[in-house]
Amino acid sequence: MTRIVHLNGQWLPETEARISIFDRGFLFADAIYEVTAVIGGKLVDYAAHAARLKRSLHEIGLGLPCAEEQMLALHREIVVRNDLKEGLIYLQISRGAEDRDFIYHDGLAPTFVMFTQARNVLGNPRIERGLKVVTAPDRRWSRRDIKTTQLLYPSLVKTAAHGQGADDVFLVEDGLITEASGANVHIIDRSGTLITRALSQAILPGITRASVLEIARAGGIPVEERGFSVAEAQAAAECFLSSATSFVMPVVEIDGQPISDGAPGPLTRRLRALYLEDRLAAAI
Ligand code: PDD
């Protein structure tokens, strides 16, 4: 099916949407993006994604390209136009196009793109078997709290990991895990405490992470926000990822070392169930 995509206020078949070769998103990765899950045709955690989008844009000196209500209306319309039941909405806003120059100038018209991807999010077979991950040094830039399109490094290391038969990569800096290539990383220790890295400029403030922590606390699961090493994660009772495209995803092996018995853990399963129950009921 040819998707209908959004480009600067227009709805177009995907094959007809065109942007300039001078777009700063293309030349400099001078762009912000968001990924919002769609389940049952509804937006999951939309308000939080919209708030993070605004913050990311602000951090690079941009504003929203349209009013907030219009942004929500566009999200709803793209779901309807593409008859999207389950999958995601990808949104990207770049600073716009001008002749190539490291110095950017005021008054550029931003490039605003949205498209959908149909995906089997809830029934992903990896949920049952869990992910195998490898580790790599975190060589991304130091403002990972801003959701920019500078994804070359995570893309290179994840592709290399796939080549070695792994599903994903844990990035490591100063002896501690920062994130996975496109998800936050959490462990559960032997006493049942959920441990996750505290927010800082070193990691993306994941929307799913925030929801999972809220749901864990409400469900009586103790939460500790602090860094942890690869060795601590390998010795943990359980490990999982969180992101808009995987929700709560078990990790069962790190650098060839199985976590506990090498199967998705019970608290991870419980958190996933609680997350789905809570967030899908609140989807709009
Ligand atoms: N990635 N950390 C990084 C580096 C990410 O790219 C993502 C999301 C997350 C999780 O954030 P959230 O829970 O808000 O999705 C953490 C998206 C899904 C992507 O790039 O496709």
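Read the numbers this way: they start at 1 and go in the same order the structure lists the ligands and their atoms. By convention here, the first residue in the shown sequence is residue 1.
- Among V5, L7, I78, the one residue that satisfies the side chain to side chain contact (heavy atoms under 4.5 Å, CB included) test with M114 is I78.
- By the 4.5 Å heavy-atom criterion applied to side chains, H6 and L74 are counted as neighbours.
- Sorted by chain and number, the heavy-atom contacts of ligand 1 below 4.0 Å come from Y33, V35, H49, R52, R140, K147, E179, S181, G182, A183, N184, L204, G206, I207, T208, S242, S243, A244, T245.
- The pair E34-R52 meets the salt-bridge criterion, with a side-chain N (NZ, NE, NH1 or NH2) lying under 4.0 Å from an Asp/Glu carboxylate O.
- Defined by atom type and a distance below 3.5 Å, a donor-acceptor pair is present between the side-chain atoms of Y90 and Q92.
- Residues passing the salt bridge (charged side-chain N to carboxylate O under 4.0 Å, His left out) test with E77, sequence neighbours excluded: R81.
- A salt bridge does not link R270 with E238: none of the charged nitrogens is closer than 4.0 Å to a carboxylate oxygen.
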